[in-house]
Colleague: 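Following this message is one structure expressed as structure tokens.
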Amino acid sequence: MTEEIIIAGFGGQGVLSMGKILAYSGVMQNQEVSWMPSYGPEMRGGTANVTVIISDERISSPILNIFDTAIILNQQSLDKFEKSIKPGGTLLYDDNGITRPPTRKDINIFLVQAAQEAAKMGMTKTMNMVVLGAYLKIKPVVQDKNVEAGLKKSLPARHHNLIPENMTAVERGKEIVEQTQKV
Amino acid sequence: MKELRLMKGNEAIAEAAIRCGADAYFGYPITPQSEVMEYLMAERPEQRTGMVVLQAESEVASINMIYGAAGCGKKAMTSSSSPGISLMQEGLSYIAGAELPCLVVNVVRGGPGLGTIQPSQADYFQATKGGGHGDYHLIVLAPASVQEMCDFVKDGFDLAFQYRNPVMILTDGAIGQMMEKVELFEQIPRSETQPEWACVGKPATRGRSIITSLELDPNRQEQFNLKLQKKYREIEAKEVRYEKIQCDDAEYLFVAYGTSSRICQKSVQLAREKGIKVGLFRPISLYPFPYEAIESLSKQVKGILSVEMSAGQMIEDIRLAVHDRIKVQHYGRFGGMMPVPSEILQQLETQIIGG
């Protein structure tokens, strides 16, 4: 199994940390992982993206231009990465702020209204975890207990009290994700 | 079981420095390697092992602090990125001239000048052919994963002390910034003794230790140069490192190190899906360069594509190894851009197979 994912959105939406938690969850079940961020000016505002690869085998290129799955959290990223999904691949997006929805007909498309749901739960900061939950519902590449272990490893100890809240968000993401196009 | 962690390449360098029993780190921040010192400062290694970590006032100061610490027989290292490494060249030449061990990490970014903060491999010439003045060599190791970033810190120090020669880890912003799974080696205690050549005060039981790179008598300076050259021949004979990936039945070959070699691995996979028998040769030591291994592969394959994030630097060494026997071409992106696997395969098809 090799899953090649791009996660993209605005800086501050938790794109890089969602990728890190996913990658750490992979480490927890002793898979090979790589996490390759965009770094530089875009980190200081603007778009941010990260390529995460989880595999049972040694990972070749951490730099890719075509992906199994794209997780998209803003319009600029949708415009940029919709064309980079493999035919038959998966697009997961939050339509908050999206005015030009996806148009590809040869990919599976899933919608998760994560920003709205996180606000409803009064935990806006866990928006990325709602998205992660939605992704894991579609592709259960890592187990929940390893996500929890991954959270423990990637959060500093002083924030470990937030882990239950984050796991609730993951659960909620699994519940609200809906498929809008199937191939 | 050994400890598994998800770490950035830069963080792995820093943790490995503490664990291999380094005595000191002196550095100055620059993107994309700033996490090395950030991590070291946060870890408080002075409490873990007694290791000293100091932010110097500049890269020139850092390398001269390394010179001083190394002269005392200490395990000292620094890290920087391209423009900062350029500033260190004078110090590196002095350290090589004084035959002192140290470890220098270059997390390369796009140049020339201040250039960009994105990854590049355009410092190959500087790292392998000199950079500073005089006939000297650094031992240069090129990691291709976060695991190797960790392991090569230990190996680098071992080589530096074995040969009393500065060692450089030549990596780039991509491996520095990316996170992968790392298996950490166990803590090695800091050494409590100094090598006999160290300048630590003269006891009555031995002669004076003198650390210098100055010799006004040209006869003696020539003798010293001959001694250095003898050391380099020994390094060239014993310390060549490389990896061959799917080379056994290869008709064509990619040669690439570091990040480029990772991207090429995917290109190999894509090529083989199309029935093109291509292999990947990955130099791990850039000095000493694996000339003989490439020469022997050049008798088997029909053509070589050198892939490097530069305008073409390593290709000169490949051509020296191949002696014009077969076609050798270069493909690279530069200025901070990275090639993608399909693009490299396309270059193999047009420049080498079809060319």
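Residue numbering restarts at 1 for every chain, and letters A, B, ... go by the order of the sequence lines.
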Colleague: Look at atom CD of A/Gln113 and say whether more than 12 heavy atoms of other residues, nucleotides or ligands are closer to it than 6.0 Å.
Modeller: yes

Colleague: Got a sec: does the CZ of B/Arg44 have more than 12 other heavy atoms crowding it under 6.0 Å?
Modeller: no

Colleague: Mind listing the closest non-hydrogen atom pair of A/Glu32 and B/Lys181 along with its distance?
Modeller: OE2-NZ, 3.2 Å

Colleague: Counting only heavy atoms from other residues, nucleotides and ligands, does the tally under 6.0 Å from NZ of A/Lys139 exceed 12?
Modeller: yes

Colleague: Where is the tightest heavy-atom contact between B/Arg262 and A/Ile59, given as atom of each residue plus distance?
Modeller: NH2-O, 3.1 Å

Colleague: More than 12 heavy atoms of other residues, nucleotides or ligands under 6.0 Å from CZ of A/Phe67: is that the case?
Modeller: yes

Colleague: Just by distance, do the side chain of A/Lys153 and the backbone of B/Arg5 share a donor-acceptor pair under 3.5 Å?
Modeller: no

Colleague: Do other residues, nucleotides or ligands put more than 12 heavy atoms under 6.0 Å from the CG atom of B/Asp248?
Modeller: no

Colleague: Contact between B/Lys266 and A/Leu64 at the side-chain level, heavy atoms closer than 4.5 Å - yes or no?
Modeller: yes

Colleague: For A/Lys145, does the NZ atom have more than 12 heavy-atom neighbours from other residues, nucleotides or ligands under 6.0 Å away?
Modeller: no

Colleague: Does any non-hydrogen side-chain atom of B/Leu6 lie less than 4.5 Å from one of A/Ser154?
Modeller: no

Colleague: What part of B/Ala144 gets closer than 4.5 Å to chain A, counting heavy atoms only: side chain, backbone, both or neither?
Modeller: neither

Colleague: Relative to chain B, which of A/Ile53, A/Ile66, A/Ile63 shows the most heavy atom pairs under 4.5 Å?
Modeller: A/Ile63

Colleague: With rounding to the nearest 0.5 Å, note down the distance linking CH2 in A/Trp35 to CE in B/Met7.
Modeller: 13.0 Å

Colleague: If we only count heavy atoms from C-beta on, is the B/Gln269 to A/Ser60 side-chain gap below 4.5 Å?
Modeller: yes

Colleague: Taking 4.0 angstrom as the limit, do A/Arg58 and B/Glu243 come out as a salt bridge?
Modeller: yes

Colleague: Within the supplied structure, the quantity of interest is the number of heavy atoms (other residues, nucleotides, ligands) at a distance under 6.0 Å from B/Met41 CE; does it exceed 12?
Modeller: yes

Colleague: Would you say B/Lys8 and A/Lys20 make side-chain contact, with heavy atoms under 4.5 Å?
Modeller: no

Colleague: Should the heavy atoms of other residues, nucleotides or ligands under 6.0 Å from NZ of B/Lys154 be counted, would the total exceed 12?
Modeller: no

Colleague: Could you look at B/Thr259 and say if it's the side chain, the backbone, both or neither that has a heavy atom under 4.5 Å from chain A?
Modeller: side chain

Colleague: Could you go through the side chain to side chain contact (heavy atoms under 4.5 Å, CB included) check for B/Leu4 and A/Met28 one step at a time?
Modeller: CA-CA 9 Å; B/Leu4 282 183; A/Met28 292 290 106; over 6 Å; no

Colleague: OG of A/Ser34 to CD1 of B/Ile175: how many Å apart, nearest 0.5 Å?
Modeller: 11.5 Å

